[in-house]
Structure formats: C-alpha cells, structure tokens
There are 2 protein chains.
Amino acid sequence: MHIRMDWKNVSFDWNRARAFLVTAEEGSLSAAARALGLAQPTLGRQVEALQEELGVTLFERAGRGMQLTPAGHAMIEHARAMGEAAGRLSNVAFGQNDTMEGPVTISASDAYAGLLLPPIIEKMTEAEPRITVNVVVSNTASDLLRREADIAIRNFRPEEPDLIARKIRDAEARMFASPDYAASLGPIQSKDDFAKARFVGLDRTGQFLGMLQQMGYPISEANVPVHTENFLVMWALVKRGMGIGMIDSVIGDADPGVVRLWEDEPTLGFPIWLVAHRDLHQNRRLRFVWDFLADALR
Amino acid sequence: MHIRMDWKNVSFDWNRARAFLVTAEEGSLSAAARALGLAQPTLGRQVEALQEELGVTLFERAGRGMQLTPAGHAMIEHARAMGEAAGRLSNVAFGQNDTMEGPVTISASDAYAGLLLPPIIEKMTEAEPRITVNVVVSNTASDLLRREADIAIRNFRPEEPDLIARKIRDAEARMFASPDYAASLGPIQSKDDFAKARFVGLDRTGQFLGMLQQMGYPISEANVPVHTENFLVMWALVKRGMGIGMIDSVIGDADPGVVRLWEDEPTLGFPIWLVAHRDLHQNRRLRFVWDFLADALR
DNA sequence: GAATTGGTATGCATATCCGTATGGATTGGA
DNA sequence: TCCAATCCATACGGATATGCATACCAATTC
C-alpha cells in the first residue's frame with residue numbers, strides 16, 4: 001500500500017536549489033541569470049533566500065564572481081543530482097509531448113542550412129504551420145546531447161550511444177563553376193586540364209588541396225588562391241567566377257548560376273545522416289520533421 | 001576550463017516538478033497540499049502549469065484523486081530522483097547549519113517525555129535560549145529516517161545503518177507504589193508476599209504479566225486488574241494507590257509521591273540509547289542537545 | 001592611476017503567485 | 001436514494017517575487 005511519506009525535507013523552494021546549482025556552475029550570479037533567462041537580482045535573492053532557509057552560507061563574494069564555501073561544496077553534488085534528474089525529466093517530457101505546436105531546432109552545416117534547407121523548411125511549415133523551426137549552423141554532434149538542437153544533419157555516423165541516426169543517402173561532391181569561368185577554361189577532357197585552373201579552397205589547413213592531389217589532379221597551392229571555411233562564402237565566390245568549387249551535386253545541379261565542369265570526373269562520396277537524441281525521438285512534432293527531412297533530402 | 005553548459009532543459013520551474021512528485025505520491029492535490037503545507041489550489045495550478053509548460057498531460061481526474069497518465073508514469077521516476085536528491089541536499093544542509101537558533105525535535109517514549117525530560121529541557125533552554133525544542137512521543141526508530149525527529153531516546157540499539165547511537169546507561173525498572181498502598185501491603189520479605197498485590201499493567205497482551213511470572217512472582221491475571229499502554233496513565237494510577245507499577249528507578253526515586261516497595265527485588269534492566277541520523281549529527285545545534293541529553297540522562 | 005570591464009547590492013513599480021472562500025462533482029455508506 | 005465526506009475548479013484580494021534602473025565594488029588594462 002501507500003507508505004505515508006514525510007515531505008518536510010523536500011518542501012524547501014526547489015527553484016532556489018536551481019539558482020544555487022547554476023550559480024555554482026557558472027561562477028557568478030550574472031552568468032547564472034543569463035543562463036536561466038532571469039535577472040541577476042532575482043538569482044541573488046534566490047541564493048540569499050536559500051542560505052537563509054537552510055541556515056548555511058553557500059557562497060563568498062570573490063571579487064569576480066562567487067566562490068563556494070566548504071558548506072557549499074558539501075551540498076553542490078546533491079544540487080547537481082537534482083539538475084541531472086531535472087534534465088532527464090525534461091527530456092522525457094519532450095518525448096511525451098504530442099502537440100504539433102512548438103519549436104523544432106535543426107542543426108546543419110552552413111551549406112545545407114543555407115542552400116538545401118530553406119525550400120524544404122518552407123514546404124514543411126506550409127504543411128504544419130504550428131511548428132516553429134529554428135536552424136542552428138553547427139558541425140558537431142554534441143549539440144544534440146546538450147539539447148541545443150533536436151535534429152542534426154551530419155556527414156558522419158555519430159558514435160554516441162544516446163543518439164540515433166538514419167542514413168539518408170550517399171551524396172557525391174562534384175566540381176562546379178560559373179558558366180563564364182567554365183567557358184574560360186575551355187573543354188575539359190582529363191585531369192591534366194586542371195593544371196591551370198583556379199579552385200576556391202574550403203579550409204586553410206591544406207586538406208582540400210591534399211584531397212584533390214590524392215585523387216590525381218595535377219595542382220598545387222598556386223591553384224587555390226582563395227580559401228574559406230564557410231561553404232556559403234565559397235559558393236558565392238564560385239558563382240562570381242572566382243574558381244572551381246566542390247559541393248554536393250544535388251546543391252550544384254539545383255543552382256542555375258553554376259554548371260558542372262566535367263561529367264566523368266571522379267566524385268568525392270560522403271553519406272548524409274539524420275541524427276537525434278534517443279530520448280526525444282518519440283516526440284510527435286520531432287517525428288514529423290524527421291520524416292519530412294528524410295523524405296525531402298533523399 | 002569550464003565547459004559551457006546548456007541549461008535550457010533545466011530551466012523549467014522546479015517547484016512544479018515538486019508539485020508533480022508529491023501529487024503523484026500522495027494521490028491527490030489535496031493530500032499533496034497538506035503534505036507540503038500549501039493550499040490545494042496552489043498545487044493544482046502548479047501541476048496545471050507544468051503540464052502546460054511541458055505540453056504533456058500528467059494526470060487524469062479519477063473521482064477520488066488524480067491518476068497518472070502513461071506519460072506521467074514515464075516521468076515520475078525522474079521527479080522521484082529529483083526529490084531524493086533534494087532530500088539529501090536538505091539533510092546535508094541541516095548538517096552544515098551551524099547556527100544555534102532553530103528547532104530541535106526530540107523523540108522519546110511517553111514516560112521519558114513526560115517524567116524525565118521536562119526539567120532537562122528547562123535547563124537546556126536556559127543555557128541556550130535560541131534553541132526551540134519539540135518533543136515527539138514515539139517508540140519507533142523510523143521517525144529519525146523520515147526526519148520527523150532529530151534525536152531519539154530509545155531502549156534498544158537501532159539496526160539501521162544510517163543511524164548512529166550512543167549508549168547512555170543501563171537503567172533498571174523497579175517496583176513503586178503510593179505510600180498508602182505500600183503500607184496496606186505490609187512489609188515485603190519475599191516474592192511470595194506479592195501473591196495478593198495489585199499491579200498496574202502496561203499492555204493488554206499479557207507481556208507484562210508473563211515477564212513478572214518469569215521472574216518468579218506468584219501472580220496471575222487476577223493481580224493485574226487494570227492495564228494501560230501509556231506510561232503516564234500507569235504512573236498516575238500508581239500514584240493514586242491503584243497498585244504497583246514498574247518504572248525506571250531514576251524516575252521513581254525522583255518522585256516524592258511514590259516509594260520503593262522492596263530494596264532486594266530482582267530488577268528488570270534495559271539500556272538507554274541516544275539515536276540520531278548520521279547525516280544530521282554534525283549540526284551544531286543538534287550536537288549541543290545531544291551532549292546535553294547524554295550528560296543529563298546519565 | 002584613471003578608465004574599462006564584469007560583477008554585486010538596492011529601490012521601486014509591476015506582474016505573478018498564493019491563500020481563502022465557495023461552488024460543483026464524485027464516491028461511499030445508510 | 002439521499003446524505004456526508006472528499007476532492008477539484010474558480011474567483012478575488014493580498015502577499016510575494018520579479019525586472020529595470022542604478023549605485024557601488026573589485027579587478028584588469030592602458
């Protein structure tokens with residue numbers, strides 16, 4: 001049956017425990033306030049009230065920020081446990097949430113976010129107007145674990161056990177250039193014809209160049225006069241005739257401002273994965289976006 | 001150094017999680033409100049707000065009380081984890097609390113609470129006026145685990161590993177009676193003289209009688225015309241001359257209204273233990289009361 | 001050493017939350 | 001079937017917490 005429990009020891013204000021936790025982790029009341037979306041005096045008063053309520057001094061002012069006292073150190077691990085349980089609660093709640101109204105955050109590389117997703121998102125919001133879409137530009141998988149994003153589009157299979165992934169297709173990167181620049185190069189018959197071509201590089205570390213060299217292109221640093229780490233910048237440069245760029249053929253083919261350079265070129269293959277957190281994947285809204293993206297990206 | 005954490009998933013109102021937890025455990029909003037010392041509409045609104053905030057239906061009205069939905073079941077364990085961490089936090093905080101101002105709850109049997117403790121508590125509050133003393137009459141050790149009491153006076157060594165105990169002394173129960181009744185019995189020379197004596201029994205189950213018979217007293221149920229489970233009632237009856245009562249000799253000797261019946265009687269020995277929760281024992285206020293009681297009860 | 005930066009405390013208007021009182025619904029028992 | 005008990009929902013006045021603006025403080029920089 002139901003054992004009569006005693007709730008005296010949990011009847012203190014739990015939000016004050018949250019204030020304590022975040023202040024300790026962030027190191028200052030101001031940072032905690034920013035992290036929680038509250039005002040700094042609010043956090044200060046909550047921590048103050050908790051100290052008053054428990055009769056314990058938790059922090060000492062330390063010039064820059066707040067320093068935990070020994071008593072605070074003895075208590076922070078339990079506040080952390082509360083926070084972790086709260087996070088799990090929130091995750092499960094999100095998974096159980098079966099309303100179509102609300103936000104979904106999609107994480108993708110800048111190329112996908114800027115070139116491929118916009119029309120997809122437009123169709124999706126037409127189909128489900130109550131869904132609000134946020135797009136985050138990122139290339140790491142960790143933002144899913146931290147719940148900075150709900151669904152990620154990645155080019156690798158994530159290893160983390162808490163994540164689930166679905167392979168959409170194998171994409172291939174091909175060479176594109178503006179029609180003008182392609183014409184100035186003349187007809188391409190073999191790799192040797194690239195000896196005098198200009199490329200728009202994708203990083204400063206030379207990986208892009210090395211990759212092409214490995215594929216047998218007779219090019220050196222002189223062939224890559226401009227670099228960027230941003231696909232969208234690269235693409236804009238390519239479209240302005242600054243050189244050749246390599247990008248997912250789906251993106252290049254869909255862009256009327258560029259042409260394929262060479263039909264028979266060796267392509268650079270890479271997979272496209274959809275990734276989500278295991279706990280959140282049941283969410284109805286998320287499932288809808290997941291299925292929509294899987295269908296549209298195929 | 002400090003990994004930037006994301007607090008979005010813990011920034012919901014933790015007090016609402018508490019409301020969810022207690023409501024689920026207690027089975028109704030009203031019971032939860034009583035348990036937390038809040039009003040029923042408050043709990044109702046908090047649960048309502050949590051459902052709104054998370055987009056999940058947690059409860060269904062079930063005539064008598066609230067029933068968890070499947071979604072609620074999926075989440076309650078995490079709320080429970082929060083509650084357990086909150087309890088530990090509260091315990092540790094209590095242990096770290098180093099102020100002399102505040103309450104201390106002492107649990108004791110009715111005999112000690114009513115006969116032995118009052119003068120001790122009086123002296124104690126004189127020595128430390130800022131301490132507020134609550135006395136709870138109870139004979140179980142579990143009220144310490146539930147934190148319904150801070151210090152308990154017990155006649156057995158508790159087995160629970162979370163409790164710490166200190167043996168104060170071995171007490172002996174002796175026979176006392178009012179002077180009038182003692183005189184009416186005449187001088188006592190041996191156990192046989194008790195054949196026609198009247199006793200005031202301490203329970204209805206016959207344990208008291210059996211104990212005396214085992215000690216060699218030639219008595220039967222006819223010698224125990226009145227029973228009570230309450231020591232204070234027993235004592236009042238004894239002092240009114242209703243019969244013989246057995247009680248800690250320290251209590252009996254200190255009471256001018258009774259006399260020892262027989263110096264050479266075989267005594268019934270039992271230990272006196274002071275018990276407290278391990279986590280709370282560091283508390284300065286508690287230590288003071290603990291030491292004071294240990295000294296005064298010796 | 002003055003300016004700048006990042007942080008904490010305080011006063012005040014306001015928005016939010018809480019408790020009391022009350023009505024409505026359901027259960028259990030006479 | 002009706003009565004009593006128990007519980008949830010709603011309305012409203014008042015207590016409480018929040019945010020903004022600002023004063024103040026320590027550390028770092030030029």
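The sequence lines fix the lettering, A, B, ..., with proteins before strands; numbering per chain opens at 1.
- Residue pairs meeting the salt bridge (charged side-chain N to carboxylate O under 4.0 Å, His left out) criterion with at least one partner in residues 82-108 of chain B, sequence neighbours excluded, do not occur; the list is empty.
- Between Gln46(B) and Leu50(B) there is no side-chain heavy-atom pair separated by less than 4.5 Å.
- Contacts between residues 49-61 of chain B and DNA chain C, counted as heavy-atom distances below 4.0 Å, involve no residue at all.
- Protein chain A touches strand DNA chain C; the 5'-most and 3'-most nucleotides with an atom under 4.0 angstrom of its non-hydrogen atoms are dG6(C) to dG11(C).
- Cation-pi contact between Arg147(A) and Phe94(A): present, with separation from the ring centre below 6.0 Å and deviation from the ring axis of at most 45°.
- Helix bend of the helix from dG1(C)-dC30(D) to dA30(C)-dT1(D): the angle between its two end axes, each built from five pairs, comes to 30° after rounding to 10°.
- For Asn97(B) (side chain) and Leu54(A) (main-chain N/O), a donor-acceptor pair under 3.5 Å exists by modelled atom type.
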*Yes or no on side chain to side chain donor-acceptor pair (under 3.5 Å) for Glu25(B) and Trp7(A), after CA distance, side-chain angles and deciding distance?*
CA-CA 10 Å; Glu25(B) 298 282 349; Trp7(A) 298 100; over 6 Å; no
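- Within 4.0 Å of Ser30(A), counting heavy atoms only, lies at least one base atom of the nucleic acid.
- Two residues, Leu29(B) and Arg64(A), neighbour DNA chain D, and the one matched to the more 5' nucleotide by heavy-atom proximity is Leu29(B).
- Of all the residues in residues 38-48 of chain B, Leu38(B), Ala39(B), Pro41(B), Thr42(B), Arg45(B), Gln46(B) reach under 4.0 Å from DNA chain C with at least one non-hydrogen atom.
- For DNA chain C, none of the residues of residues 9-21 of chain A falls under the heavy-atom distance limit of 4.0 Å.
- In this structure, the side chains of Asp162(A) and Asp279(A) stay at 4.5 Å or more apart for every pair of heavy atoms.
- Listed for the Gln51(B) side chain is a donor-acceptor partner under 3.5 Å among the backbone atoms of Phe59(B).
- Put simply, the side chain of Thr125(B) gets close to the backbone of Ile121(B): a donor and an acceptor are under 3.5 Å apart.
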